[in-house]
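Just so you know, these numbers come straight off a predicted model, no measurement behind them. Atoms within a ligand are numbered from 1 in the order they appear, just like the ligands themselves.
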Amino acid sequence: MLRTFALVLLAVASAFAQQKTIYLTFDDGPQPGTTDVLDVLKEEGVHGVFFLTGSNALSVGGLEGQAKIILRTLAEGHELGSHCYIHEPMTRGGYIAAYGDLTTDAQRDAFHKNLARNDSEIGRRLEKPGFKFEFARLPGDGSTFPHLVAEVEKMGMKHFHWQQEFAPNGVFKWIKNLDWKGVAGVGGDISWFPKDGEVILFHDRHWAGEKRELLRSLIRFLKEKGYTFGKLADWKPAPPKPAKPAAPPAP
Ligand SMILES: [Zn+2]
């Protein structure tokens, strides 16, 4: 009896020890693939965050098609973030050419317009005038420029980079760990398991049609490993590591 109780305690303790929350984020939608991702998240009872690129409407049947997908995303309990109205610039060189150090009016205007237009266009799809995104992620290499990330935050949005990226095997050359941890068909850019609190990057288009099953197997695998999938609204930065105790004074 005592032994059984101890075993139950041990099992509960190890389940708690393994439980980790990560944040599943999907970029560039709505685009072909977004509804497949939404289907899988719904069937698996999992939360996601969609960083939207407003200028991609034509790929989903125009403004009406775009509105329908965004409204469905919200109705199913997911969160939205801004990924700029136009998915340009993307490379470091492109960012420097377009926005430089944000010191001229032209640089600042160009930067602000790309984000403000996404607010207003997506607001129109939602029929919410004055809509503003709470979260943002600059396309491509944007996150590597601290002054641009700071400007996004000055505009009232929390900027989210990512710590790990997944895609079907072979679609991105930098994703080198094919069949990541034995999940057939899914590549990961980092070979280890995500840590508690990490943000994970996906692109909607990669999981269209039959590829949606790859996303499902990854999500099921992560669930088995004790992961839960959080909301960015609840995200908190990892607590700072405790400072080392001061060295004792020299004798
Ligand atoms: Zn993107």
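The number of protein N, O or S atoms lying under 2.8 Å from the Zn ion (ligand 1) is 3.
Between Val199 and Ile22 there is no side-chain heavy-atom pair separated by less than 4.5 Å. Looking at heavy atoms from C-beta onward, Arg137 lies in side-chain contact with Thr25 at the 4.5 angstrom threshold.
Enclosure of atom CD in Glu76 by more than 12 non-hydrogen atoms of other residues, nucleotides or ligands within 6.0 angstrom is indicated.
Centroid-to-centroid, the aromatic rings of Phe193 and Trp180 come within less than 6.0 Å.
In this structure Glu153 satisfies the salt bridge (charged side-chain N to carboxylate O under 4.0 Å, His left out) test together with Lys158, sequence neighbours excluded.
Rounded to the nearest 0.5 angstrom, His78 NE2 and Lys42 NZ are separated by 9.0 Å.
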